[in-house]
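Chain letters run A, B, ... following the sequence lines, proteins first, then strands; residues in each count from 1. Computed from heavy atoms alone, side chains included, the values below leave out hydrogens, waters and symmetry copies.
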Amino acid sequence: MSTNDSTRSSDFIRDIVAEDQRTGNWDGRVHTRFPPEPNGYLHIGHAKSICLNFGIAEEHEGGLCNLRFDDTNPLKEEQEYIDAIKEDVRWLGFDWEDREYFASDYFDQLCAWAVQLIQAGKAYVCDLDADQIREYRGTLTKPGKDSPDRNRSVEENLVLFERMRAGECPDGSRTLRAKIDMAHPNLNMRDPVMYRILHAAHPRTGNKWCIYPTYDFTHGQSDSIERITHSICTLEFENHRPLYDWYLDALEVYHSRQIEFARLNLTYTVMSKRKLLTLVREGYVSGWDDPRMPTICGLRRRGYTPEAIRSFCERIGVAKFNSTIDIALLEHSLREDLNQRAPRVMAVLRPLKVVIDNYPKGQEEELDAVNNPEDPGMGTRKVPFSRVLYIEQDDFREDPPKKYYRLAPGREVRLRYAYFIKCVEAVKDETTGEVVELHCTYDPETRGGGAPDGRKVKATLHWVSAAHALQAEVRLYDHLFAKEYPEAVDEGSDFRANLNPNSLHTLTSCRVEPSLAGAPAESRYQFERQGYFCVDSAGSSDAKLVFNRTVSLRDTWAKIEKTQNSGQ
RNA sequence: UGGGGAAUAGUGUAACGGCAGCACGAGUGACUCUGGAUCACUUAGUCUAGGUUCAAAUCCUAGUUCCCCAGCCA
């Protein structure tokens with residue numbers, strides 16, 4: 001009776017799969033694969049593909065999704081990346097069970113298929129070097145011309161290819177090419193290279209091979225071997241589909257269907273592995289897992305949850321239009337998730353000392369605070385209160401502007417879960433004029449935060465007890481790039497010019513409530529009224545707590561203040 | 001100038017010849033011991049020009065704009 005099935009998010013790829021299921025194509029099977037190249041870390045764009053491929057498999061009875069490393073280029077690929085990719089896919093919550101494959105597992109089969117194409121007169125060894133091949137290829141508007149080696153005999157090709165394989169030819173001296181059509185309007189069909197000579201050790205096959213198949217000669221056949229039904233990839237491979245189909249047809253093997261969708265772009269960041277590598281290599285960030293990076297490990301260290309990333313991937317949809325998603329949507333998905341599950345805690349980032357003049361010296365007490373108003377099941381905790389406290393510098397103004405509800409001379413506010421306090425004096429540094437300490441009085445009747453006489457205060461502030469608070473470092477992050485579209489640059493400049501110089505602020509004298517002692521790495525909290533924070537997985541220890549700001553809370557006051565200022 | 005794709009509110013994304021809907025953003029208000037959360041309301045769209053049709057985002061024709069392709073990268 002429910003409409004859940006019909007309102008379930010759909011897209012043109014899911015429609016194709018559903019139609020295939022309806023008509024009984026693929027014997028009713030659904031089998032996808034996620035095929036990363038282990039030449040870098042996974043990013044949020046890969047998460048879109050992971051959610052798509054694993055998601056579609058999960059949605060169908062008996063559906064499967066393989067993890068397959070597309071490791072055909074030993075020059076760029078490393079074991080470190082293989083390990084990191086597996087960790088990230090797992091962390092996102094997907095399970096490939098025992099279906100962990102490598103294109104390099106198929107090198108023997110691929111080589112045999114190459115021989116088969118030679119024997120069928122559909123492939124030849126070409127002695128042209130890279131520059132010559134480019135020359136012979138022609139241009140977008142002009143047809144190419146045939147390689148002088150195009151009509152070698154099958155026997156000669158067989159011998160030459162064997163010599164390539166045996167290591168008798170230097171790198172780049174020859175290639176194995178498919179014999180298709182040098183005048184084809186699609187450049188990918190102008191006798192594409194199937195095998196190149198690369199005397200390089202491969203992370204998995206070591207020195208077994210000195211010839212390596214190209215992507216085009218590998219991918220479709222890998223899909224075929226794994227009996228993939230829907231081979232989902234990004235738009236730039238659309239031009240390769242005719243070749244994908246050509247190889248599978250020429251080989252007369254199981255033929256998966258390639259479907260292309262638009263890759264993910266996000267505002268205020270870059271998504272290409274090459275550019276991310278540049279940021280890492282040139283030290284603009286601390287590493288692939290820098291919390292400002294759009295990598296999965298960076299997002300994890302920043303405090304993102306897999307659930308938030310997955311719900312984001314669901315709501316952005318899948319289409320063929322090249323779009324750029326507003327990063328606010330990612331942040332929305334995050335806040336939505338964290339709001340439900342992050343325990344609340346009080347932390348003062350920029351401390352301002354407050355002395356409660358009429359609170360007895362030496363007295364302290366414990367007050368009840370709720371851990372998560374969204375989830376009463378998370379219970380309550382005790383927070384210590386005493387005569388000397390810290391509040392946020394921002395929560396006091398000597399000269400409060402319009403609509404500023406917080407503390408000011410003579411004003412009364414509530415300390416969350418504690419008491420109403422009234423400011424009686426602001427002590428200033430004589431030389432700088434800066435407010436360094438507040439003197440307040442409290443109303444003992446308001447213990448716990450309620451006023452028996454029903455009087456109201458406009459603001460509730462977070463605070464910590466000076467004597468009980470823990471020292472902490474907090475890193476505030478902003479967008480990595482200052483421009484919404486960092487890749488849009490003037491001639492002669494590049495995306496690095498758009499880096500945001502203020503993407504990281506480190507605050508070293510923060511005070512957090514004592515319940516945070518021993519908080520484990522990656523644990524997430526809401527610092528009340530400020531945002532979501534998580535314990536840094538690299539820099540934090542019991543001796544020195546370090547928190548990363550995951551995302552701030554929506555800040556209505558900041559918005560008001562901003563319009564007030566711009567209105568002047 | 002060859003080939004392959006794509007255009008729907010600010011940003012994304014639905015509609016499959018039959019009332020252009022949803023989300024985010026933005027704005028307004030309510031509520032609140034987080035200026036949080038939540039709730040309500042508002043805002044704003046079919047690339048252009050023709051045509052077919054009772055009816056077009058959808059079909060046809062012509063055009064415009066954007067993306068991809070000239071790696072022995074993937």
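- For A:Arg177 and A:Tyr124, the positive end is not near the middle of the six-membered ring at less than 6.0 Å and at most 45° from its axis.
- Within 4.0 Å of A:Tyr417, counting heavy atoms only, lies at least one base atom of the nucleic acid.
- Counting any heavy atom pair closer than 4.0 Å across all strands shown, A:Val318 reaches sugar-phosphate atoms only and no base atom.
- At a cut-off of 3.5 Å, with distance as the only test, a side-chain donor of A:Tyr532 or A:Gln526 sits close to an acceptor on the other residue.
- For A:Leu553, the listed nucleotide lying nearest its side chain is B:rU34; candidates were B:rA74, B:rU34, B:rG2.
- The nearest whole Å value for the distance from the NZ atom in A:Lys458 to the P atom in B:rG35 is 13 Å.
- Classification of the A:Phe495-A:Phe481 ring pair by plane angle, with boundaries at 30° and 60°, yields tilted.
- Rounded to whole Å, the separation between the P atoms of B:rG27 and B:rC66 comes to 32 Å.
- Side-chain nitrogen and oxygen atoms of A:Arg196 include at least one within less than 4.0 Å of the OP1 or OP2 phosphate oxygen of B:rC73.
- Using a 4.0 Å heavy-atom cutoff across all strands shown, A:Ser323 reaches sugar-phosphate atoms only and no base atom.
- For the residue pair A:Tyr304 / A:Glu331, no side-chain donor-acceptor distance below 3.5 Å is found, with atom types taken as modelled.
- In summary, A:Arg163 and A:Glu168 engage in a salt bridge, as defined by a charged side-chain N under 4.0 Å from a carboxylate O.
- One finds a side-chain N or O of A:Thr556 lying less than 4.0 angstrom from the OP1 or OP2 phosphate oxygen of B:rG36.
- Using a 4.0 Å heavy-atom distance criterion, A:Gly531 is classed as making no nucleic acid contact.
- No hydrogens or angles considered: nothing links the side chains of A:Tyr268 and A:Asp478 as a donor-acceptor pair under 3.5 Å.
- Annotated stems with RNA chain B as a participant read B:2-7 with B:64-69, B:10-13 with B:21-24, B:25-30 with B:38-43, B:47-51 with B:59-63, given as range with range, by first number; only runs of 3 or more Watson-Crick or G-U pairs under 3.5 Å qualify.
- A sub-4.0 Å separation between OP1 or OP2 of B:rU11 and a side-chain N or O of A:Thr324 is absent.
- For a distance-only test at 3.5 Å, the side chain of A:Arg241 fails to qualify as a donor-acceptor partner of the base of B:rG4.
- Using a 4.0 Å heavy-atom distance criterion, A:Leu198 is classed as making no nucleic acid contact.
- Residue contacts shown for A:Glu260 are absent, as no nucleic acid heavy atom lies under 4.0 Å away.
- For B:rG71, the O4'-C1' to base torsion is within 90° of 0; the nucleotide is therefore syn.
- Comparing B:rG29 with B:rU48, their P atoms sit 36 Å apart, to the nearest whole Å.
- Using a 4.0 Å heavy-atom criterion, one finds that A:Glu238 contacts the sugar-phosphate atoms exclusively.
- For A:Phe321 and B:rA7, the ring-to-base geometry does not satisfy the stacking test (centroid distance below 5.5 Å, interplanar angle below 30°).
- Side-chain atoms of A:Ser311 and A:Asp337 include no donor-acceptor pair closer than 3.5 Å.
- Using the six-membered ring where Trp is involved, A:Tyr442 and A:Tyr419 have ring planes that are perpendicular, over 60° apart on the 30 and 60° scheme.
- Within 4.0 Å (heavy atoms only), A:Arg344 reaches at least one base atom of the nucleic acid.
- As judged by a 4.0 angstrom heavy-atom cut-off over every strand, A:Leu338 is placed among residues making no nucleic acid contact.
- Residue A:Glu374 is in base contact, counting any heavy-atom pair closer than 4.0 Å across all strands shown.
- If you check the side chains of A:Ser231 and A:Arg33, you find a donor sitting under 3.5 Å from an acceptor.
- Each of B:rU34, B:rG5, B:rG12 was ranked by its minimum atom distance to the side chain of A:Ile325; first place goes to B:rG12.
- Summary of the strand contacts: A:Tyr405 and A:Pro213 both lie near RNA chain B, and taking for each the nucleotide with the nearest heavy atom, the more 5' one is attributed to A:Tyr405.
- Within 4.0 Å (heavy atoms only), A:Asp216 reaches no atom of the nucleic acid at all.
- The C1' atoms of B:rG17 and B:rC54 are separated by 12 Å, rounded to the nearest whole Å.
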Grab the N/O contacts between the protein and nucleotides 68-71 of chain B below 3.5 Å, and write none if there aren't any.
unit_1	atom_1	unit_2	atom_2	d
B:rC68	O2'	A:Asn239	ND2	3.4
B:rC68	O2	A:Asn239	ND2	3.2
B:rC69	O4'	A:Asn239	ND2	3.1
B:rA70	O3'	A:Arg137	NH2	3.3
B:rA70	O2'	A:Arg137	NE	3.3
B:rG71	OP2	A:Arg134	NE	3.1
B:rG71	OP2	A:Arg137	NH2	3.2

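- Listed nucleotides B:rU34, B:rC72, B:rG35 differ in distance to A:Pro373; the shortest reach to its side chain belongs to B:rU34.
- Using a 4.0 Å heavy-atom distance criterion, A:Arg190 is classed as making no nucleic acid contact.
- A:Glu226 and A:Asn66 are linked by a side-chain donor-acceptor pair at a separation below 3.5 angstrom, with hydrogens and angles left out of the test.
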So if I define the base as every atom that isn't primed, P, OP1 or OP2, how would nucleotides 22-27 of chain B read as a B/S/- string at a heavy-atom cutoff under 4.0 Å?
-SS-SS
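- Nucleic acid contact class of A:Leu415 (heavy atoms, under 4.0 Å, all strands): none.
- For the pair A:Gln258 CD and B:rG4 C1', the interatomic distance rounds to 12 Å; values are reported in whole Å.
- For A:Asp223 and A:Tyr244, the side-chain atoms include at least one donor-acceptor pair closer than 3.5 Å.
- A:Tyr404 comes within 4.0 angstrom of a nucleotide base, judged by non-hydrogen atoms across all strands.
- Separation of atoms CG (A:Leu349) and SG (A:Cys510) is listed at 4.5 Å; rounding is to 0.5 Å.
- For the pair A:Arg177 and B:rC72, the criterion of a side-chain N or O lying under 4.0 Å from OP1 or OP2 is not met.
- When the P atom is compared between B:rU32 and B:rG36, the two are found 13 Å apart, to the nearest whole Å.
- What separates CG of A:Leu75 from P of B:rC72 is a distance of 14 Å, to the nearest Å.
- In this structure, the NE2 atom of A:His202 is 13 Å from the P atom of B:rC73, given to the nearest Å.
- Looking at A:Glu374 and A:Asn372, their side chains never bring a donor and an acceptor atom within 3.5 Å of each other.
- In this structure, a donor-acceptor pair under 3.5 Å is absent between the side chains of A:Asp368 and A:Thr380.
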